2 protein chains.
Amino acid sequence: MKKKKTFRPTESELEILQVLWNKAPATVRQVHEAMEHNRDTGYTTTLKTMQIMAGKGLLARDTRSRTHLYTPLVSREECQQDILGKMMNGLFKGSAARLVMGALDSEKLSGEDLQEIRAFLEKFDDKKP
Amino acid sequence: MKKKKTFRPTESELEILQVLWNKAPATVRQVHEAMEHNRDTGYTTTLKTMQIMAGKGLLARDTRSRTHLYTPLVSREECQQDILGKMMNGLFKGSAARLVMGALDSEKLSGEDLQEIRAFLEKFDDKKP
DNA sequence: ACAGAAATACGAAAACATTCGTAGCAAATA
DNA sequence: TATTTGCTACGAATGTTTTCGTATTTCTGT
């Protein structure tokens, strides 16, 4: 049986993944500069964190040139599912409806968003008419 | 101007809140017993955590009788909004649709759930026709 | 070639979060 | 009353995450 690995990036690991999901591969400096506006930590902090992530298997690292290049090994989707699942079992205790409505409530939705969601709901309708 | 407090219960604090949201006020023992099935920690651990939470302003505590009674000071909704907001700005980068669909995907939805969500969507339609 | 800038490696401090042991009371009970 | 039971208080060990300082190496420009 296959061991299901559970990806649980920590808070700051997640911030780094955000950057890398947007544009990978990237150097430590690129990642660090992309985050500098929001957070206030030194370069070596980012470096160390990314090294740790590589150790954990969260990032791949290309060390061929002196300036290493990092690429995420986990997809945004994997993490989303993982964290969502946790929330469903915890905060939202299985009530997807409540989570969904909370999400709807907390953000201004574009017409596109609504369209997508509605289309998605229809697929559910088809399955259980 | 009012300082917007951000509620960020930790993992185990959240478990305790789950219990208290269900039925408050409650004693440490009640909370502990409600959680015993899932977790495997001692009574004093629960006690200590709840004391810390009271210190942080997450719980109110009635010490009139020897056996203290605890009540949550943050609502489930507040926490949900807080965490959801964080996810929107982070993991889901403003795409509520993706978050919602992820949630829908990860759970089997009852017909009721679907009804609720659809009704909710209609309210949004009314607002932005 | 040399000084300075820029990169990695690494250990360890600092900050949290979690857990439990033990002490000290108060209440119930034998 | 003496014992046991159940509660709070509190300090301290453990574990994890975050942060940074310092050493070392490589590259760059003069």
Side-chain angles (χ1 to χ4, degrees), chain A residues 5-20 25-71 74 79 82-83 86 90-91, chain B residues 5-20 25-71 74 79 82-83 86 90-91:
Chain A
K5 248 206 209 149
T6 168
F7 298 115
R8 277 267 206 114
T10 66
E11 193 85 13
S12 36
E13 286 172 347
L14 209 47
E15 288 187 64
I16 287 170
L17 283 172
Q18 298 298 340
V19 177
L20 288 175
T27 66
V28 173
R29 182 147 307 274
Q30 288 171 328
V31 170
H32 184 246
E33 273 167 7
M35 298 190 312
E36 243 173 354
H37 312 287
N38 315 327
R39 47 181 18 243
D40 181 31
T41 59
Y43 173 83
T44 54
T45 301
T46 307
L47 168 66
K48 177 74 166 186
T49 306
M50 288 175 74
Q51 285 170 344
I52 289 172
M53 291 172 78
K56 286 186 187 175
L58 251 42
L59 301 183
R61 128 166 108 163
D62 177 344
T63 63
R64 277 172 300 179
S65 72
R66 189 171 83 95
T67 308
H68 299 176
L69 287 174
Y70 292 82
T71 313
V74 298
C79 284
D82 223 61
I83 295 180
K86 203 166 84 78
L91 245 199
Chain B
K5 247 207 211 151
T6 168
F7 298 115
R8 278 267 209 109
T10 67
E11 192 86 12
S12 36
E13 287 172 348
L14 209 47
E15 288 186 65
I16 287 170
L17 283 171
Q18 299 295 345
V19 177
L20 288 174
T27 66
V28 173
R29 181 147 309 275
Q30 287 171 326
V31 170
H32 184 245
E33 273 168 7
M35 298 191 313
E36 242 173 355
H37 312 287
N38 315 327
R39 43 179 26 241
D40 180 30
T41 59
Y43 172 84
T44 55
T45 300
T46 307
L47 168 65
K48 177 75 166 187
T49 305
M50 289 176 72
Q51 285 171 344
I52 288 172
M53 291 172 78
K56 286 186 186 174
L58 252 40
L59 300 183
R61 133 166 102 163
D62 178 345
T63 62
R64 278 173 301 180
S65 73
R66 190 171 84 93
T67 308
H68 298 176
L69 287 174
Y70 292 82
T71 313
V74 297
C79 283
D82 222 60
I83 295 180
K86 203 164 84 73
L91 247 199

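All values reported here derive from a predicted model rather than from experimental measurement.
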Salt bridge (charged side-chain N to carboxylate O under 4.0 Å, His left out) involving A/R39 - partner list, sequence neighbours excluded: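 Counting only residues at least two positions away or on another chain, A/R39 forms a salt bridge (charged side-chain N to carboxylate O under 4.0 Å, His left out) with A/E15.
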
Residue pair A/Q18, A/N38: steps toward the side-chain contact (heavy atoms from CB on, under 4.5 Å) verdict: CA-CA 13 Å; A/Q18 298 298 340; A/N38 315 327; over 6 Å; no

Over all atoms of both residues, closest heavy-atom pair of A/L20 and A/Y70: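 Taking every non-hydrogen atom into account, CD2-O, 3.8 Å.
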
Non-hydrogen atoms of B/I16 and B/M50 that approach each other most closely: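 B/I16 and B/M50 have their closest heavy atoms at CD1-CG, 3.7 Å.
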
Nearest-0.5 Å distance, [atom1] of residue [X] to [atom2] of residue [Y]:
| X | Y | atom1 | atom2 | result |
| --- | --- | --- | --- | --- |
| A/R61 | A/T71 | CZ | OG1 | 12.0 Å |
| B/E33 | B/T27 | CD | OG1 | 8.0 Å |
| B/L59 | B/T49 | CG | OG1 | 10.5 Å |

B/S/- contact track for nucleotides 25-30 of chain C, protein heavy atom under 4.0 Å: -SS---

Per-nucleotide protein contact string for nucleotides 11-19 of chain C (B base, S sugar-phosphate only, - none; heavy atom under 4.0 Å): BB----SSB

Distance-only donor-acceptor hits, side chain of residues 62-69 of chain A, under 3.5 Å, sequence neighbours excluded:
unit_1 : atom_1 : unit_2 : atom_2 : d
A/D62  : OD1    : A/R64  : N      : 2.9
A/D62  : OD1    : A/R64  : NE     : 3.1
A/D62  : OD2    : A/R64  : NE     : 3.3
A/D62  : OD2    : A/R64  : NH2    : 2.6
A/S65  : OG     : A/T67  : O      : 3.0

A/L69 CG - C/dA7 P separation (whole Å):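 After rounding, the gap between these two atoms is 12 Å.
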
Spacing of A/L47 atom CG relative to C/dA7 atom C1', expressed in whole Å: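 Those two atoms, CG and C1', are 8 Å apart.
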
Within 6.0 angstrom of A/D40 CG, more than 12 heavy atoms from elsewhere: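 No, CG of A/D40 has 12 or fewer neighbouring heavy atoms, counting only those of other groups under 6.0 Å.
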
Side-chain N,O (A/Q51) to OP1/OP2 (C/dA9) below 4.0 Å: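 For C/dA9, OP1/OP2 do have a side-chain N/O of A/Q51 under 4.0 Å.
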
Chain A footprint on DNA chain D, 5' to 3' - any atom under 4.0 Å from a heavy atom: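 The contact span of chain A on DNA chain D goes from D/dT17 to D/dC27.
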
Under the ring pair (Phe, Tyr, Trp, His ring centres under 6.0 Å) test, residues paired with B/H32 that sit two or more places apart: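 Once residues adjacent in sequence are excluded, the partners of B/H32 under the ring pair (Phe, Tyr, Trp, His ring centres under 6.0 Å) criterion are B/Y43.
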
